[in-house]
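Have a look at the structure below before the remarks.
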Protein chains: 2
Amino acid sequence: MRTIGYHHGDLRRTVLDAAVDAIGESGLDGWSLRELARRAGVSHAAPAHHFGDKAGLLTALAAEGFDLLAETLKQAGPDFLEAGLAYVRFATEHPVHFGVMFQPKLYRADDDAVRHARERAGALLAQGARAVAASPAGSANTARAGWSIAHGFASLWLAGALTEPAGTDPVDAARPVLRRLLEG
Amino acid sequence: MRTIGYHHGDLRRTVLDAAVDAIGESGLDGWSLRELARRAGVSHAAPAHHFGDKAGLLTALAAEGFDLLAETLKQAGPDFLEAGLAYVRFATEHPVHFGVMFQPKLYRADDDAVRHARERAGALLAQGARAVAASPAGSANTARAGWSIAHGFASLWLAGALTEPAGTDPVDAARPVLRRLLEG
DNA sequence: GCCTTGAACTTGTCAATGACTAGATCAGGA
DNA sequence: TCCTGATCTAGTCATTGACAAGTTCAAGGC
């Protein structure tokens, strides 16, 4: 990969990574395409070639996020608790992706790449959530309950709403919480 | 209340409402202070007098949101299921407030009004979540589980992630899901 | 009735941004 | 060698957020 000269060589990835950094530092409002271009050392219009506009960049981020989530869920297997913990791990390890993914108004949710990745993750998610279903009658609601509790815990954790001792691992903190759904 | 003349009479509320409308229509990126000023029929700098800057406006929105949530929870009483459904109702009836509240990077989370309102809502929330706790030992985690499942369901609903028949009431849809936490 | 005071709002301004257009550079294949 | 498409630069314009300074108005003291 070349880093100097007319052609950057890997601008798309570089800008994407810079966006994750910038959003992670300053939130979803604290970044600009021009700032990303400056970080990458290219002209202010270069990112537009790869992403079109701001929404296009977030669309790419969302698609990447659903892909990463699908991979994480795949490795966790079909067990509910493992899938739920994997969900929390993904969210806390990729907070920017997670934050963008579930705000469809920020990007083009009907984009092909996004839709495909989302469906792939959705299938794996349903598989994990189905594992917690006792009675077939309530399986749909049980699946929703499983997704909700994992998603809710991750969201609250990222929002800083859960007061935990500093240094606590979010996955460790999530385990006894997710278990509550199994025990009653 | 006067609507014409040099003094608007109720600019703060008008701009706040306009912000909710604008964000509801175009998302958290699709609005500007100047657009809100135009909608309210005042000069482009008028909103700044009440909110300082963009983050100031979102801070006011967040504070209002926590207040509204506290009221809703108060009416629901200490029962977990009722509190959880009230939480979902609040989120779906005030999606913009809800969306802002749990993105602390968008506003000044250490603002006095916000902190006060958040603590008030938090106390009521803990009360509702405690009602689901069976064993005192697990009560902290059970409370977290209750909050997580309600928050998660609301978030996924607002994100359009839950595929329900059109016209379904979110509170009705949430009831059997939240119940899963009680039944196991 | 007059003046003071402060809140509410306007006008003017500037750097920064998003988006667009046209053009330059480069790599690879026919 | 030339052609084609992808990649990036340079230039531009309306819009925006933020700030400074000035204007209007209401309410209360005298």
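In what follows, every chain begins at residue 1, and chains take the letters A, B, ... in the order their sequences are listed.
Remark: C1' of D:dT9 and CG of A:L11 are 12 Å apart, rounded to the nearest angstrom. Put simply, CG on A:D10 is 15 Å from C1' on D:dA6, counting in whole angstrom units. The separation between B:R34 atom CZ and C:dT10 atom P is 13 Å, rounded to whole Å. As a whole-Å value, the separation of A:E35 CD from C:dT17 P is 8 Å. Atoms CG (B:L57) and P (D:dG17) sit 11 Å apart, rounded to a whole Å. Here the P atom of nucleotide D:dA6 and the CZ atom of A:R12 are 14 Å apart, to the nearest Å. Separating the NZ atom of B:K54 from the C1' atom of D:dC19 is a distance of 17 Å, rounded to the nearest angstrom. Atom-to-atom, CG of A:D29 to P of D:dT16 comes out at 14 Å; the value is rounded to the nearest Å.
Contact annotation: A:S32 side-chain N/O to C:dT17 OP1/OP2 distance is under 4.0 Å. For the pair A:R38 and C:dA16, the criterion of a side-chain N or O lying under 4.0 Å from OP1 or OP2 is not met. The shortest distance between the side-chain N/O atoms of A:H50 and the OP1/OP2 oxygens of D:dC8 is below 4.0 Å.
Looking at A:R120, its side chain never comes within 3.5 Å of a backbone N or O of A:F66 through a donor-acceptor pair. A:T72 contributes no side-chain N or O that, together with a main-chain N or O of A:F90, makes up a donor-acceptor pair within less than 3.5 Å.
Distance from the side chain of A:H49 is smallest to D:dT7 among D:dT9, D:dA18, D:dT7. The side chain of B:H44 has D:dA18 as its nearest neighbour among D:dA18, D:dC8, D:dG11. With C:dA19, D:dT9, C:dC9 as the candidates, the nucleotide lying closest to the side chain of B:A46 is C:dC9.
The residue among A:A45 and B:G52 whose nearest nucleotide of DNA chain D lies closer to the 5′ end is A:A45. Between B:P47 and A:D53, the residue whose closest nucleotide on DNA chain C is further toward the 5' end is B:P47.
In this structure, a donor-acceptor pair under 3.5 Å is present between the side chains of A:Q103 and B:Q103.
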Open item on the list: Run the side chain to side chain contact (heavy atoms under 4.5 Å, CB included) test on A:L69 and A:Y87 for me, step by step, so that the C-alpha distance in whole Å, both residues' side-chain angles and the decisive distance to 0.1 Å come before the verdict.
Closed with: CA-CA 7 Å; A:L69 174 59; A:Y87 194 94; 4.0 Å; yes
Exercise. Would A:R175 and A:V171 satisfy side chain to side chain contact (heavy atoms under 4.5 Å, CB included), going step by step from the backbone distance to the final call?
Worked result: CA-CA 6 Å; A:R175 190 171 287 110; A:V171 175; 4.3 Å; yes
